[in-house]
Q: 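Can you read through this structure? Questions will come right after.
The structure displayed is predicted, hence computed values, not measured ones.
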Amino acid sequence: MLLIFFIVTLSFFENISAYFITVDAHAEECFFERAEMGTKLGLMFEISEGGFLDIDFKILGPDNNVIHKGERETSGKYTFAANANGIYTYCFSNKMSTMTPKVVMFNMDVGETRKEETKEEGDHNKLETMIKELTVSLEEVKTEQEYMSIRDRIHRSINESTNTRVVMWSFFEAIVLFTMTLGQVFYLKRFFEVRRVV
């Protein structure tokens, strides 16, 4: 019974691909996904490194019409149903950047194709329904964990950069204070010197 449950669970898992890519300055990277009409497609992305952590992106349908477009976004999550059979294109553009490459983490989610129900398929088993709901919940948890992992990396990087700047600024302040102290001692020493007139 446990083996059957495991096999049925695996059969309902969606195809999810997680990628890390580097988009160079003045460049655009595109990825393609074939889908049938009615299939649920999704894109979740997060900029983890580079510049102001922003990027342009667009999603194109099989007819090259823009389904969704975003400019200078740090992160995003977009889900839609395929309106035609064909290849859907996801593009990340860093053309607005003059010299900074961007590191992008993204997931392309492909759901199951909607099937027309027959009378026999209309009577769904409760176990199958529960497994489907559990699968969707697990995929949402997985996506959220990946998102939180990226956010953790970004915040750690920002904290380390801030700590380095604070240390450098403190070192600079110490040098300035030491120099001013020496200058004041030298000035006061000269001020109180007794000059002999010959």
Side-chain angles (χ1 to χ4, degrees), residues 7-98 100-118 121-122 124 128-129 131-154:
I7 292 171
V8 172
T9 303
L10 285 179
S11 68
F12 288 117
F13 269 105
E14 297 177 349
N15 297 322
I16 293 188
S17 304
Y19 301 97
F20 277 94
I21 60 163
T22 301
V23 183
D24 292 325
H26 301 295
E28 183 176 70
E29 297 286 341
C30 293
F31 299 87
F32 308 95
E33 190 70 54
R34 182 177 295 279
E36 296 178 13
M37 187 168 143
T39 303
K40 182 181 172 185
L41 299 171
L43 172 69
M44 188 277 291
F45 70 93
E46 178 82 26
I47 312 304
S48 60
E49 292 177 22
F52 294 108
L53 300 176
D54 61 346
I55 202 161
D56 298 338
F57 81 98
K58 62 185 173 183
I59 302 172
L60 303 172
D63 52 2
N64 284 332
N65 286 337
V66 176
I67 295 173
H68 188 73
K69 187 176 184 180
E71 294 183 357
R72 297 185 180 267
E73 296 198 13
T74 301
S75 62
K77 192 172 185 179
Y78 186 69
T79 305
F80 64 98
N83 55 7
N85 294 340
I87 297 175
Y88 289 80
T89 308
Y90 304 86
C91 291
F92 297 97
S93 174
N94 195 19
K95 291 185 177 177
M96 80 287 200
S97 180
T98 54
T100 307
K102 309 283 174 68
V103 177
V104 183
M105 187 284 294
F106 69 98
N107 287 337
M108 295 180 345
D109 301 338
V110 181
E112 295 177 357
T113 307
R114 292 181 187 167
K115 299 176 182 175
E116 294 184 14
E117 293 183 0
T118 63
E121 292 173 345
H124 285 290
E128 287 181 19
T129 305
I131 291 173
K132 284 183 180 181
E133 291 174 0
L134 181 62
T135 302
V136 170
S137 299
L138 287 173
E139 294 302 335
E140 289 176 358
V141 168
K142 179 183 174 189
T143 302
E144 193 65 28
Q145 283 179 334
E146 289 174 352
Y147 174 77
M148 295 306 288
S149 173
I150 295 300
R151 295 299 296 170
D152 181 54
R153 271 185 57 192
I154 292 169

Q: With side-chain contact (heavy atoms from CB on, under 4.5 Å) as the criterion, how do D152 and S149 come out once you've worked through the C-alpha distance, each side chain's angles and the decisive distance to 0.1 Å?
A: CA-CA 5 Å; D152 181 54; S149 173; 5.6 Å; no
Q: So how far is it from F57 CZ to K69 NZ, rounded to the nearest 0.5 Å?
A: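 So the gap between those two atoms works out to 11.0 Å.
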Q: Quick check: does any side chain N or O of T74 sit under 3.5 Å from a backbone N or O of L53, one acting as donor and the other as acceptor?
A: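 Yes, the answer is positive, given that a donor and an acceptor are paired below the 3.5 Å cut-off.
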Q: Measure the spacing between CD of E28 and CG of N94 and express it to the nearest 0.5 Å.
A: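 E28 atom CD to N94 atom CG measures 10.5 Å (nearest 0.5 Å).
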Q: Do the side chain of H26 and the main chain of M96 share a donor and acceptor less than 3.5 angstrom apart?
A: no
Q: Could you go through the side-chain contact (heavy atoms from CB on, under 4.5 Å) check for T79 and L41 one step at a time?
A: CA-CA 6 Å; T79 305; L41 299 171; over 6 Å; no
Q: Between A25 and T100, what is the shortest heavy-atom contact and its length?
A: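 So the minimum-distance heavy-atom pair works out to CB-N, 3.8 Å.
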Q: At what distance, to the nearest 0.5 angstrom, does CG of N107 lie from CD of E46?
A: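 Atom-to-atom, N107:CG and E46:CD are 11.0 Å apart.
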Q: Do H68 and K58 touch side chain to side chain, with heavy atoms closer than 4.5 Å?
A: no
Q: Between F52 and R72, is there a side-chain heavy-atom distance shorter than 4.5 Å?
A: no
Q: First locate atom NZ of K132, then atom OG of S137, and finally report the distance between them rounded to the nearest 0.5 Å.
A: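 Answer rounded to 0.5 Å: 14.0 Å.
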Q: Taking C-beta and beyond as the side chain, do E33 and V110 meet within less than 4.5 Å on heavy atoms?
A: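 The answer is yes; the side chains approach within 4.5 Å.
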Q: So, do F45 and F92 sit near enough that their side-chain heavy atoms are less than 4.5 Å apart?
A: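 F45 vs F92: side chains touch.
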Q: What residue among V104, I47, D56 forms side-chain contact (heavy atoms from CB on, under 4.5 Å) with V23?
A: V104
Q: Would you check if F31 and I21 make a side-chain contact, meaning some heavy-atom pair closer than 4.5 Å?
A: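 Yes, close enough: below the 4.5 Å cut-off.
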Q: Is any side-chain heavy atom of I87 closer than 4.5 Å to a side-chain heavy atom of P62?
A: no
Q: Show your working on side-chain contact (heavy atoms from CB on, under 4.5 Å) between F80 and I59 and close with a plain yes or no.
A: CA-CA 10 Å; F80 64 98; I59 302 172; 3.9 Å; yes
Q: With rounding to the nearest 0.5 angstrom, report the OH to OH distance, Y78 to Y90.
A: 10.0 Å
Q: So does K102 pair up with D24, basic N to acidic O under 4.0 Å?
A: no
Q: To the nearest 0.5 Å, how far apart are CD in E29 and CD1 in I55?
A: 9.0 Å
Q: Check the pair E139 / K142 against side-chain contact (heavy atoms from CB on, under 4.5 Å), numbers first and verdict last.
A: CA-CA 5 Å; E139 294 302 335; K142 179 183 174 189; 4.0 Å; yes
Q: Under 3.5 Å, side chain of T135 to main-chain N/O of I131, donor-acceptor pair present?
A: yes
Q: Do V103 and M105 come within less than 4.5 Å of each other through their side chains, counting heavy atoms only?
A: no
Q: Do F106 and M44 have side chains that approach each other closer than 4.5 Å (heavy atoms only, starting at C-beta)?
A: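 No. Closest side-chain heavy atoms not under 4.5 Å.
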Q: Among all residues two or more places apart in sequence or in another chain, which pass the salt bridge (charged side-chain N to carboxylate O under 4.0 Å, His left out) test with R34?
A: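 With sequence neighbours excluded, R34 shows a salt bridge (charged side-chain N to carboxylate O under 4.0 Å, His left out) to no residue whatsoever.
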